[in-house]
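Note that this is a predicted model, so its numbers are computed, not measured.
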Amino acid sequence: MPFHRIAFEARRIRGWQIALLLVAATAIGVALAVLAAGVFLVIFPIAALAGLAYRFFGSAPKPAAQRQGGVTIIDAEYRVLPDERPRDRRPGPF
């Protein structure tokens with residue numbers, strides 16, 4: 001489509017259309033605020049009670065060595081692996 005055939009048309013918005021748009025935007029905003037407050041009033045006490053329950057009842061008992069302040073010794077076996085870098089490569093810029 002050639003550019004000389006493109007036409008833009010500006011329409012005038014009437015006052016009642018602006019008022020209707022503002023009323024709709026306000027209604028949506030109030031609905032979202034009520035929804036957010038309701039979710040906060042339901043979720044916050046549940047999260048607070050869960051946090052308190054975990055604080056008082058949720059921690060696992062410590063092992064005897066940690067309770068008495070003793071030292072815990074972990075015994076293990078290990079082996080040394082051979083160096084697997086290629087040795088015939090020339091050093092390069094990367």
Quick one: side-chain contact (heavy atoms from CB on, under 4.5 Å) partners of Arg11, sequence neighbours excluded? Glu9
Nearest 0.5 Å, please: how far is OG1 in Thr26 from CG in Leu21?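 Spacing of CG (Leu21) from OG1 (Thr26) equals 9.0 Å.
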Determine, using the 4.5 Å side-chain heavy-atom cutoff (strictly less than), whether Phe57 and Leu52 are members of one ILVMFWY cluster. yes
Count I, L, V, M, F, W, Y as connected when their side-chain heavy atoms are under 4.5 Å apart, and connections chain through other members. Are Ile13 and Leu22 then in the same cluster?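 Yes, same cluster.
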Residue Leu41 excluded, over 12 heavy atoms near CG under 6.0 Å: yes
For residues 25-48, which residue pairs pass the ring-ring contact (aromatic ring centres under 6.0 Å, His included) check, not counting sequence neighbours?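 Non-adjacent pairs meeting ring-ring contact (aromatic ring centres under 6.0 Å, His included): Phe40-Phe44.
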For Gln17 versus Arg12, what's the shortest heavy-atom pair and its separation? OE1-O, 4.3 Å
